Every structure is written in C-alpha cells, then in structure tokens.
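Below is one structure, written out as structure tokens, with a few remarks after it.
Chain A is the first sequence line, chain B the second, and so forth, proteins listed ahead of strands; every chain is numbered from 1. Computed from a predicted model, the values in this text were never measured in an experiment.
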Protein chains: 2
Amino acid sequence: MGDNKTNHRSTSRVLDILELISNGNNEGYTLTEIASKLNVPKSSLFPMLHTLLDRQYLSLDANQGKYCIGMMLFQVGSSYLDNFNIMNDITTELQNITNVCAEASHFAILNNGNIIYLAKIDSPEPIRMISSVGKSLPAYGTGLGKSLLMDHSINELRRLYPDGLKPMTQYTVTDFDLLDEQLSKARQCGFAYEVEESNLYIRCISIPIRQNNKIVAAISVAVPTFRYTQEKADLIQHLLLNAKHRLESILKTIYVDFNNLT
Amino acid sequence: MGDNKTNHRSTSRVLDILELISNGNNEGYTLTEIASKLNVPKSSLFPMLHTLLDRQYLSLDANQGKYCIGMMLFQVGSSYLDNFNIMNDITTELQNITNVCAEASHFAILNNGNIIYLAKIDSPEPIRMISSVGKSLPAYGTGLGKSLLMDHSINELRRLYPDGLKPMTQYTVTDFDLLDEQLSKARQCGFAYEVEESNLYIRCISIPIRQNNKIVAAISVAVPTFRYTQEKADLIQHLLLNAKHRLESILKTIYVDFNNLT
DNA sequence: ATATTGCGTTCGTATATACGAACAAAATAT
DNA sequence: ATATTTTGTTCGTATATACGAACGCAATAT
C-alpha cells in the first residue's frame with residue numbers, strides 16, 4: 001500500500017477495497033473479511049462499502065454478503081483505453097495476425113517492471129492460453145516483457161527488480177546475467193522469445209513497437225508447444241514485423257503520449 | 001450523483017472524480033475544472049487527487065496539469081469480466097460471426113435501461129462503427145437494447161424511462177406504443193432490428209441470450225447501411241441464431257449469475 | 001432446545017478531514 | 001517589462017468521519 005508523502009486516508013481505503021476484491025478469487029469478500037485483510041474497523045468500512053454498492057462500483061453476491069467488482073468500475077476503467085486513439089488500429093493488426101497464423105496475439109505496455117495486457121485476440125483453436133486484458137505479469141518472464149525491456153541495461157534491470165527475479169515456472173529466467181544476455185540477442189535479431197517461462201506448454205514470440213526510437217509497447221503471438229514448428233515461427237515473425245511497421249508508421253502521424261499512460 | 005440514504009462523502013467524491021474524468025473528452029481536467037464542475041473546494045480535492053495519482057488511478061497529462069484516467073483503474077475495472085467465466089466462449093462466438101459476415105459483432109448486458117458493451121469484434125472492413133467495450137447507450141434506441149428489452153411490457157418500459165425516450169438520431173423511436181409494437185414483433189420472430197436509430201448510416205440485427213428462459217444478455221451485428229443487403233441480413237440472422245444456441249447451452253452447464261452483475 | 005460463533009449494524013465521542021481564505025507561481029494580457 | 005488573471009498550494013479551525021464497544025441476528029455447533 002502506497003506509503004508516499006501525499007496520502008488521503010479515505011481515498012486510499014477506497015482503492016484498497018477495490019484492489020483487494022479485484023485481485024481475489026472472484027467469489028468476493030464479506031465485510032468482515034475485508035476489514036481483517038485491510039486492518040480497518042468494520043464500522044469504518046460500512047458506509048464506504050454501501051456507497052460503492054449504491055453507485056454500482058461493487059455488487060453484493062446473491063449467495064450472501066460477498067462484495068464483488070461492479071459494473072460501474074468496469075465502465076469507468078474502460079475509458080482508459082480512450083487515451084489510445086490507435087486502439088482500433090492495434091486490434092485490427094492483432095486480428096490480422098491471428099487470422100493468418102491461428103494463434104492468440106497480444107498487445108501490452110510496460111509499467112513498473114510489469115506488462116499490462118491492453119488487447120488480445122484469442123486463437124480460434126480450442127486449446128487456448130488463459131490470459132486476459134487488464135491483467136499484469138512480471139515482464140522478465142514473458143516474451144512481451146522481454147520486448148518491452150529490450151533496451152534496458154543490466155543495471156536498470158537490477159533497479160527495476162530489487163527483490164530479484166522470482167520464478168513463475170521451472171523455466172523462468174531468474175538470473176540477471178542470463179536475462180541480460182537474452183535481451184542482447186533480442187536487440188540484435190529484433191525479436192524476443194519465451195519458452196514456457198510464464199506458462200508451461202506455451203511459447204511466445206514478440207516484437208517491440210517504437211515511437212521516436214523509444215520502446216512504448218509490444219505485440220506478441222503465443223503458441224502451445226505442441227503446435228510450435230519452425231515454419232510457424234517464421235510465419236509469426238513475418239506477421240509481427242509487418243504489424244510493427246504499420247503501427248509505427250501510424251504512431252508517426254497520430255499523437256499518442258505513451259509516457260503519460262504508464 | 002447518488003442521493004440515497006447511505007452516503008459516504010469521501011467515497012462519493014472519489015467516484016465523482018473518476019466518473020467526471022472518464023465521461024469527459026479524454027484530454028482530462030485540471031484541478032480547478034474538477035473543483036468547479038463537482039462543486040467541491042480545491043483544497044479538499046487536492047489530497048484526493050494526489051492519492052489517486054500516486055496509486056496510478058489517475059495520470060497527469062504532460063502538457064500540463066490535466067488529470068486523466070490511469071492504468072490502475074483500467075486494471076481493477078477489467079477484473080469485472082472475471083465474473084463472466086464464459087467470456088472466452090462469447091468472444092469466440094463473436095469472432096466466428098465477424099469472420100463469416102465481415103461485420104462488427106457485439107455482446108452486451110442491460111443495466112437500468114442502458115446497454116453495456118462487454119465485448120466487441122471489429123469489422124475487418126475499413127469503414128467501422130465507433131463503439132467500444134465499456135460504453136453504454138440507452139437500450140430503447142439500439143438493436144442490442146431491443147433484444148434485452150424484448151420481454152418488457154409497455155408499463156415496465158414506461159417505468160424504466162420515466163423521462164420518456166429521448167432521440168439519439170432523427171430515426172430513434174421516441175414513442176412508447178411504437179416501441180412496444182416493435183418489441184412484440186421482435187418477440188415473435190426472435191430478432192430485434194435497429195435502423196439508424198442510434199447511429200446514422202448503421203443498421204443492426206440482434207438476438208437475445210436466455211438463461212432459465214430469462215433474457216440475460218444479447219449479441220448483435222452492426223452493418224453500415226450501404227453494405228446492407230437482404231442476403232447479408234439472412235446470413236447474419238443465421239449466424240446469430242447458431243451462436244445463441246451454443247451460448248445458451250453453455251449457460252446450462254456453467255454457472256454465471258447475471259442477476260448479480262447488472 | 002440451547003449455547004456458541006460469526007455476521008452486519010448502530011451509537012457516542014475522539015480525531016482526522018474539509019473548508020475558506022490567504023498565499024505562491026505560472027501563464028496570459030496590457 | 002508590468003499588470004492581471006488563473007493556476008496549484010498551504011494553513012488554522014469547524015465539522016464530519018473514524019473508532020471501538022455493544023447490539024441484534026442468523027447460522028452452525030453442542
């Protein structure tokens with residue numbers, strides 16, 4: 001929880017409530033659960049929760065007394081994407097990629113060492129990766145993240161992850177030197193790769209999107225290992241490269257301030 | 001602004017701020033603009049806005065001093081869709097529809113007489129409707145909305161829209177009797193239609209999704225009038241009907257409490 | 001049936017927030 | 001360059017919120 005200088009207790013608590021519920025299992029939490037998890041008296045939470053209910057930022061589970069994320073929070077939060085006036089172009093590119101290679105494609109930005117998925121097109125195939133718009137993952141363990149970290153020096157990486165690189169699977173790169181080496185290679189060939197480092201049985205190929213020569217986003221294609229072949233990898237790289245070029249040329253004409261958005 | 005019994009001022013103000021910014025032009029607002037629009041002293045907003053900034057629920061426009069919707073609000077809000085454990089199935093169906101007919105497809109639910117778009121697949125064609133996930137529109141003026149209102153009686157409609165039906169375009173149905181008549185026809189044939197009632201030059205065909213014989217959601221295809229032909233309409237109705245059947249059979253096996261979510 | 005645990009809710013007072021005015025800092029106008 | 005307007009910021013006190021304890025109520029356990 002933010003221990004910065006400026007801190008308005010009521011506001012922080014509202015956000016604490018929303019984050020607690022959104023990060024939890026989506027069964028929701030009761031008032032007393034929230035109170036104990038946030039170390040806030042029930043009586044203080046009571047009027048806040050009811051205001052959030054009235055305004056539909058939370059909803060009360062019919063089963064009994066479990067507070068869940070409400071529709072208004074979704075509506076208000078969705079307007080974040082209005083900042084990206086190229087969102088339509090991005091989904092069009094992803095759509096095209098997935099149409100051709102039949103695998104899921106993603107668009108993400110970097111925030112404090114984590115990737116945030118902003119758009120996703122599902123594979124038409126029945127076996128799919130579980131990933132969703134709005135979710136975040138540590139960048140170092142994902143293909144998308146390696147694209148976004150591509151220009152980082154090893155010192156910047158160490159500063160970004162002061163607690164080290166925690167494994168997400170048995171294949172996650174947890175050594176800074178090895179990660180740095182992979183990023184060097186990625187810088188040379190233009191693509192970043194992930195082999196079951198964030199999800200078992202999933203490989204990923206990714207490419208960064210630059211604006212004024214600075215990496216501002218990345219796109220990727222994720223492939224189950226059993227569908228992964230060299231021919232498919234070649235095809236995906238070709239698709240990613242084309243999409244990258246089109247998006248980067250759009251970024252030259254349209255103003256999108258990525259710096260402001262992360 | 002909610003004028004209900006339970007009302008926690010600080011919480012309400014946080015929500016007022018978020019809603020104001022999310023509904024506005026996405027240039028954002030300055031502190032003083034927010035203060036005057038919400039009738040709240042600047043000095044009261046100051047600590048709140050800074051807490052929201054620190055927590056990345058808002059971001060400060062680089063230009064100068066304009067508060068915009070931040071990334072954390074997007075992340076937290078996105079988790080609303082976790083409630084719908086059939087979201088993947090829904091997007092798959094929409095994907096399929098759009099692949100075949102080459103027009104944009106949507107999925108929406110009803111909330112207080114408004115439709116909320118929860119998923120959308122863009123048309124591959126260059127000329128597209130402007131509609132986005134998380135946005136809401138009055139149900140009576142949209143194809144999706146008419147599907148969602150299909151089972152409503154004229155009295156229920158009058159209660160739902162006590163201030164009458166306000167026109168969105170020159171073709172919007174603003175008469176309760178005419179709307180009721182259209183809904184009756186829709187109930188008979190199973191489909192709801194919209195002809196330039198919410199957006200000029202856009203027509204829409206829609207079908208409701210039922211759970212336990214109760215309408216809980218709707219899917220639609222939107223078509224620019226100049227691309228609209230009877231053959232295409234027939235194709236779209238066929239696609240919608242198939243998708244409806246598949247989604248409804250999924251809803252029989254998976255538990256999704258739509259009542260709780262609106 | 002009775003005790004027990006856990007939940008949401010209410011209430012009076014201590015305390016932290018909200019207010020308005022005054023201030024500082026920047027942008028615009030003169 | 002100076003005046004003027006508009007912005008963000010600080011501060012002391014009035015006031016509304018936060019707290020803990022006690023209450024009522026339901027569900028489970030005995």
Distance check needed: D/dG8 C1' versus B/Glu33 CD, whole Å only. 13 Å

To the nearest Å, give me how far apart CZ (B/Arg13) and P (D/dT17) are. 9 Å

Integer-rounded Å distance: C/dC7 C1' and A/Leu60 CG: 13 Å

Could you walk me through whether A/Val76 and B/Leu15 pass the side-chain contact (heavy atoms from CB on, under 4.5 Å) test, one step at a time? CA-CA 9 Å; A/Val76 170; B/Leu15 306 186; over 6 Å; no

Quickly work out the A/Asn7 CG to C/dA18 P distance and round it to whole Å. 12 Å

Does A/Lys244 come within less than 4.0 Å of A/Glu248, counting only side-chain N to carboxylate O? yes

Salt-bridge test for A/Asp16 and A/Arg9: reply yes if a basic N is under 4.0 Å from a carboxylate O, no otherwise. no

Would you indicate, yes or no, if D/dT6 has its OP1 or OP2 atom less than 4.0 angstrom from a side-chain nitrogen or oxygen of B/Thr32? no

For B/Arg9 and D/dT17, is the shortest distance between a side-chain N/O and OP1 or OP2 below 4.0 Å? yes

What residues form a side chain to side chain donor-acceptor pair (under 3.5 Å) with A/Arg210, not counting sequence neighbours? A/Asp151

From NE2 of B/His8 over to C1' of D/dA16, roughly how many Å is that when rounded to an integer? 9 Å

How would you list, by chain and number, every residue that makes a side chain to side chain donor-acceptor pair (under 3.5 Å) with A/Ser206, sequence neighbours excluded? A/Ser147

Contacts of type ring-ring contact (aromatic ring centres under 6.0 Å, His included), residue B/Tyr161, not counting sequence neighbours: B/Tyr140

Taking all non-hydrogen atoms of both residues into account, name the closest pair between A/Leu31 and A/Leu45 and its distance. O-CD1, 4.2 Å

Going by the rule ring-ring contact (aromatic ring centres under 6.0 Å, His included), which residues pair with A/Tyr57 if we only count those two or more places apart in sequence or in a different chain? none

Is there any protein nitrogen or oxygen under 3.5 Å from a nitrogen or oxygen in nucleotides 9-12 of chain C, and what are the pairs?
unit_1 : atom_1 : unit_2  : atom_2 : d
C/dT9  : OP2    : A/His50 : NE2    : 3.0

Could you summarise the pairing of DNA chain D as dot-bracket text, marking Watson-Crick and G-U pairs under 3.5 Å with ( ) or [ ] inside the strand and | across strands? ||||||.||||||||||||||||.||||||

Parallel, tilted or perpendicular: rings of B/Tyr67 and B/His50 (30°, 60°): perpendicular

Protein-nucleotide distance (B/Ile34, atom CD1; D/dT6, atom P), rounded to Å: 18 Å

Without decimals, in angstroms, what is the distance between A/Leu38 CG and D/dA18 P? 14 Å

Nearest to side-chain heavy atoms of B/Ser10, which nucleotide of C/dT17, D/dC19, C/dG20: C/dT17

Mind calculating the distance between CG (B/Leu45) and P (C/dT17) to the nearest angstrom? 15 Å

